[in-house]
*Asks:* 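If you scroll down you'll find the structure; I have some questions about it.
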Amino acid sequence: MAQSPITLRSADFAAWYQDVVLQGDLAEPAEIVKGCMVIKPNGYAIWERLQRELDDRFKATGHKNMYFPLLIPESFLKKEAEHVEGFSPELAVVTIAGGKELEEPYVIRPTSETIIGHFFAKWIQSWRDLPMLVNQWANVIRWELRTRMFLRTTEFLWQEGHTAHSTHEEAQEEVLRMLDIYAEVAEDVMAMPVIKGKKTHSEKFAGALHSYSIEAMMQNGLALQAGTSHDLGQNFGKAFDVKFQSKEGQLDYVWQTSWGVSTRLIGGLVMSHSDDKGLVIPPKLAPVKSVLVPIYRKDDEKGAVLEAAHRMAKDVGAEVDDREGHNPGAKFFHWERRGVPVVLELGPRDLAAGTIVLKRRDTGAKEPIPQSELKTRVDATLDTMQKDLYAAAKQRLKANTVVANSMEEIESILRDVTAEKGGGKFVMAHLKDDAACEVRLKAFKATVRNIPQVDEYDGPGKCIVTGETVDRRVVVAKSY
RNA sequence: CGGGCUGUGGCGCAGCCUGGCUAGCGCGCUUGCUUGGGGUGCAAGAGGUCCCGGGUUCAAAUCCCGGCAGCCCGACCA
């Protein structure tokens, strides 16, 4: 009894993650459908908040939401050579419908570049039709061989932005604009610091000219690709014949972009802030920001406490946990596991003293405060907690980022790192954007996460494999 | 998709090797009392296709074959 249902991070980080997701009531494996999960109210509410934060920013930058079919004619996937090569191993295909074998199978979308390309071709004729700025909130299916809740599930929820532009420059601006929005939501809303950068050629999206990502560091030091933004060039424009006539009267293919974030963000959120007691949710995303636990012994106390509890809770927008049959301790544990940022305790002692006890989820600090200051103190605490969580995550990122100047050095740092044992680092090294160089990392299961947009290190240097001069250090890490 | 581990009331497990009575235990759940500032205590109760299918046997949770699902490791990826 009273033993924590959550594995310690230090004992097994992967088991800890699973425990936190389960105990925090975010989701559970669907079991009857391989690799899929049921997202529960506490998890879905976080997703809804993320959606709101993202969607507002998409709209503010001129994008409109649309919805495209879940099923895509199989032939569409094959129109872009790299794209089909990248995605075909993980497609789910519908071959029978209405009891009959289909003439042409449909694939369940793994992403929608192809079907959207088809419609772009229909809708775009003139430079006046551009830019076309579309976003879709949807589910997709990728038949992944290994799944983990939120981080990689067979079906997942995401948004995919798809845009078409008349010039490459404009498309490139779009790609970076959306990358910035992702970084802003990650840092300001999720309190999760990220590194913005460009993917290497071998890590880019199948069919893109260039891909960009935001990479976050989890508490075990592993990297998580938290969002991607792709410069598709004219690849899909050519594959789907999306042409427009320019002001000068010339016919040209459009320049496209696509960008997405998924429910994976919730996994990142968990692994950024949560602790051995369970979930920790930054206030800006918390479905329940504060809970008030009333405490009483006798019936006469109960009446007075509950009356005051409901009145004060209303003032601060807190939920009152007035469930009978659970003592306060049990309630504290309940809300702690669910990551509620602030828990308030109100009992007879407080009523007598005119105080109420305020407890922060992240630090565990507990403090009696005057009831008259409740609203301002709760708001201030939520605000501080949001900032502190970011600062702590940022500090961890810094502390676990190291510089290396040889392949041997990188290997010695990363070789024994696993998701369970942790100890991961971001290793900054000069390395050429070349598959032949990255193969050396693959030997110990590390990858180039990205080439940072902003160089915070020592600028150009010699590639540790080829000796050629490269522009800046890249992020090498093990990742999810 | 290859390797390993696992699947038994809601949850966590024991039993399986060496087949045999009514399938146990802890937690949770229900009811009542009690307790209440970090998982109260007592009592009575409810709850089971032993993952699924087939086989061996007088008899299968237990042995054999096949499948499904979960977790971990690898290869593949948001």
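Order of the sequence lines fixes the chain letters, A, B, ..., with proteins taken first and strands second; residue numbering starts at 1 for each chain. As a basis for the values below, the full set of heavy atoms in this structure was taken, side chains included, without hydrogen atoms, waters or symmetry mates.
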*Asks:* Does the structure show A/Tyr296 stacking with B/G36, if we require the centres to be closer than 5.5 Å and the planes to be within less than 30 degrees of parallel?
*Replies:*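 No.
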*Asks:* For B/G12 and B/U6, measure between their P atoms and round to the nearest Å.
*Replies:*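 Those two atoms are separated by 15 Å.
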*Asks:* Base, sugar-phosphate alone, or nothing: which one does A/Glu336 contact when heavy atoms must sit under 4.0 Å apart?
*Replies:*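 Base, at least one base heavy atom under 4.0 Å.
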*Asks:* Mind checking A/Thr228 for me? I need base, sugar-phosphate or nothing, with any heavy atom below 4.0 Å counting as a touch.
*Replies:*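 No contact at all - A/Thr228 keeps every heavy atom at 4.0 Å or more from the nucleic acid.
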*Asks:* Looking for any heavy atom pair under 4.0 Å, which part of the strands does A/Gly260 touch: base, sugar-phosphate only, or nothing?
*Replies:*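 Since no nucleic acid heavy atom lies under 4.0 Å of A/Gly260, the category is nothing.
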*Asks:* If I pick the P atom on B/C11 and the same atom on B/C58, what distance separates them, to the nearest angstrom?
*Replies:*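 About 37 Å, rounded to a whole number of Å.
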*Asks:* From CE of A/Met271 over to C1' of B/A78, roughly how many Å is that when rounded to an integer?
*Replies:*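 Rounded to the whole Å, the gap is 13 Å.
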*Asks:* Respond yes when some side-chain nitrogen or oxygen of A/Lys277 is under 4.0 Å from OP1 or OP2 of B/G39, and no when none is.
*Replies:*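 A/Lys277 to B/G39 OP1/OP2: no side-chain N or O under 4.0 Å.
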*Asks:* Hey, does A/Lys442 reach any base, or is it just sugar-phosphate, or nothing, if we go heavy atoms under 4.0 Å?
*Replies:*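 Sugar-phosphate, no base atom in range.
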*Asks:* Using a cut-off of 4.0 Å on non-hydrogen atoms, how would the nucleic acid contact of A/Gly267 be classed: base, sugar-phosphate, or nothing?
*Replies:*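 The answer is nothing, as A/Gly267 stays clear of every strand by at least 4.0 Å.
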*Asks:* Please measure how far the C1' atom in B/A46 lies from the corresponding atom in B/G28, and state the result in whole Å.
*Replies:*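 Per the computed distance, 13 Å lies between those C1' atoms.
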*Asks:* Looking at B/C68, which nucleotide sits across from it as a Watson-Crick or G-U wobble partner, both distances under 3.5 angstrom, or is there none?
*Replies:*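 Partner of B/C68: B/G7.
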*Asks:* Output the rounded distance in Å from NE2 (A/His326) to P (B/U30).
*Replies:*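 So the NE2-P distance, A/His326 to B/U30, works out to 8 Å.
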*Asks:* If you only use heavy atoms from C-beta on, which nucleotide in B/G36, B/C71, B/A75 is closest to the side chain of A/Thr147?
*Replies:*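 Nearest to the side chain of A/Thr147 among the choices is B/C71.
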*Asks:* Side chain to side chain contact (heavy atoms under 4.5 Å, CB included) with A/Leu285: which of A/Val185, A/Leu265, A/Leu50, A/Ile266?
*Replies:*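 Filter result, single survivor: A/Leu50.
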*Asks:* When the distance from CD of A/Glu113 to P of B/A78 is rounded to whole Å, what number comes out?
*Replies:*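 To the nearest whole Å, that distance equals 12 Å.
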*Asks:* Name the nucleic acid region contacted by A/Thr153, choosing base, sugar-phosphate or nothing; use a 4.0 angstrom heavy-atom cut-off, strictly under.
*Replies:*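 A/Thr153: base contact, heavy atoms under 4.0 Å.
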*Asks:* Considering Watson-Crick and G-U wobble pairs with both distances under 3.5 Å, what does B/C42 pair with?
*Replies:*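 Result: B/G32.
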*Asks:* Relative to the 5' end of RNA chain B, which residue comes earlier, A/Pro89 or A/Arg148, by the nucleotide with the nearest heavy atom?
*Replies:*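 This one resolves to A/Arg148.
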*Asks:* What nucleotide among B/A78, B/G37, B/G39 has an atom nearest to a side-chain atom of A/Ser262?
*Replies:*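 Nearest listed nucleotide: B/A78.
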*Asks:* Please give, in whole Å, the distance from B/C71 C1' to A/Tyr17 OH?
*Replies:*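 Taking atom C1' of B/C71 as the reference, OH of A/Tyr17 is at 14 Å.
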*Asks:* Any base atoms under 4.0 Å from A/Leu224, or only sugar-phosphate, or nothing? Heavy atoms, all strands.
*Replies:*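 A/Leu224: no heavy atom of the nucleic acid under 4.0 Å.
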*Asks:* Does B/U49 pair with anything, Watson-Crick or G-U wobble, both distances under 3.5 Å, and if so, with which nucleotide?
*Replies:*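 Here B/U49 is not engaged in any pair, so there is no nucleotide opposite it.
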*Asks:* Quick one: the side chain of A/Arg349 and the base of B/G37, do they pair up donor-acceptor inside 3.5 Å?
*Replies:*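 It does, because a donor-acceptor pair links the side chain of A/Arg349 to the base of B/G37 below 3.5 Å.
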*Asks:* Looking across every strand, which nucleic acid part, if any, lies under 4.0 Å from A/Glu345 by heavy atom: base, sugar-phosphate, or nothing?
*Replies:*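 Base, at least one base atom sits under 4.0 Å.
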*Asks:* So, do A/Phe76 and A/Phe240 have ring centers that fall under 6.0 Å from each other?
*Replies:*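 Ring centres of A/Phe240 and A/Phe76 closer than 6.0 Å.
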*Asks:* For the side chain of A/Pro328, counting heavy atoms from C-beta on, which of B/G37, B/G70, B/A78 is nearest?
*Replies:*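 Nearest listed nucleotide: B/G37.
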*Asks:* How close do A/Lys196 and A/Ala183 get, counting heavy atoms only, and between which atoms?
*Replies:*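 Result for this residue pair: CD-CB, 3.7 Å.
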*Asks:* Categorize A/Val357 for me: base, sugar-phosphate, or nothing, with a 4.0 angstrom heavy-atom threshold over every strand shown.
*Replies:*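 Base: the residue A/Val357, judged by heavy atoms under 4.0 Å, touches a nucleobase.
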*Asks:* Is the distance between the ring centroids of A/Phe205 and A/Tyr212 under 6.0 Å?
*Replies:*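 Centroid distance A/Tyr212-A/Phe205: not below 6.0 Å, so no.
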*Asks:* How far does the C1' atom of B/G48 sit from the matching atom of B/G67, given to the nearest Å?
*Replies:*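 Approximately 23 Å lies between the C1' atom of B/G48 and that of B/G67.
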*Asks:* Rounded to whole angstrom, note down the P distance from B/C42 over to B/G3.
*Replies:*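 To the nearest whole Å, 50 Å.
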*Asks:* With rounding to the closest Å, how many angstrom separate the P atoms on B/G66 and B/C1?
*Replies:*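 To the nearest whole Å, 16 Å.
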*Asks:* May I have the distance from A/Asn450 (atom CG) to B/A78 (atom P), rounded to whole angstrom?
*Replies:*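 Whole-Å distance recorded here is 13 Å.
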*Asks:* Atom CD of A/Gln136 and atom P of B/A78: how far apart are they, to the nearest Å?
*Replies:*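 It is 18 Å, rounded to the nearest whole Å.
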*Asks:* Would you mind reporting whether A/Lys425 and A/Thr401 have side-chain heavy atoms less than 4.5 Å apart?
*Replies:*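 A/Thr401 does not reach A/Lys425 side chain to side chain.
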*Asks:* Between atom NE2 in A/His334 and atom P in B/G39, what is the gap in whole Å?
*Replies:*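 Going from NE2 in A/His334 over to P in B/G39 covers 16 Å.
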*Asks:* Between A/Asp25 and A/Arg338, is there a donor-acceptor pair closer than 3.5 Å when you use the side chain of the first and the backbone of the second?
*Replies:*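 Side chain of A/Asp25 to backbone of A/Arg338, a donor-acceptor pair under 3.5 Å: no, none is there.
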*Asks:* Test A/Lys199 against every option in A/His210, A/Glu215, A/His230 by the side-chain hydrogen bond (donor to acceptor under 3.5 Å, both in side chains) rule and name the one that passes.
*Replies:*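 The option that passes is A/Glu215.
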*Asks:* Does the structure show a Watson-Crick or G-U wobble partner for B/U62, both distances under 3.5 Å? Name it, or say none.
*Replies:*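 Per the H-bond distance test, none.
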*Asks:* Can you check the A/Phe13 CZ to B/C72 P distance for me, whole Å?
*Replies:*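 Result: 12 Å.
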*Asks:* Scan every strand shown for a Watson-Crick or G-U wobble partner of B/G2, both distances under 3.5 Å, and answer none if you come up empty.
*Replies:*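 Because both required distances fall under 3.5 Å, B/G2 counts as paired with B/C73.
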*Asks:* If the cut-off is 4.0 Å, is A/Lys34 near the phosphate of B/C68, judged by side-chain N/O to OP1 or OP2?
*Replies:*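 For B/C68, OP1/OP2 do not have a side-chain N/O of A/Lys34 under 4.0 Å.
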*Asks:* Please state the P separation for the pair B/A59 and B/C25 - nearest whole angstrom.
*Replies:*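 So the two P atoms sit 29 Å from each other.
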*Asks:* With a non-hydrogen cut-off below 4.0 angstrom, is A/Lys445 in contact with a base, only sugar-phosphate, or nothing?
*Replies:*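 Touches sugar-phosphate only.
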*Asks:* Which of these nucleotides, B/C71, B/A78, B/G39, is closest to any side-chain atom of A/Arg337?
*Replies:*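 Of all the options, the side chain of A/Arg337 is nearest to B/G39.
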*Asks:* Does a side-chain heavy-atom distance below 4.5 Å link A/Leu232 with A/Glu113?
*Replies:*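 Side chain of A/Leu232 against side chain of A/Glu113, heavy atoms only: contact under 4.5 Å found.
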*Asks:* Find which nucleotide of RNA chain B each of A/Leu151 and A/Lys298 is nearest to by heavy atoms, and output the residue with the more 5' nucleotide.
*Replies:*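 With A/Leu151 and A/Lys298 compared, the 5'-side residue is A/Lys298.
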*Asks:* Check for me whether the distance between the ring centres of A/Trp259 and A/Phe58 falls short of 6.0 Å.
*Replies:*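 Yes, ring centres under 6.0 Å apart.
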*Asks:* Rounding to an integer number of angstrom, what distance separates B/G54 and B/A61 when you compare their P atoms?
*Replies:*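 It works out to 14 Å between them.
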*Asks:* Looking only at the side chain of A/Ala14 (C-beta and beyond, no hydrogens), which of the listed nucleotides B/C72, B/A78, B/G70 gets closest?
*Replies:*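 Output: B/C72.
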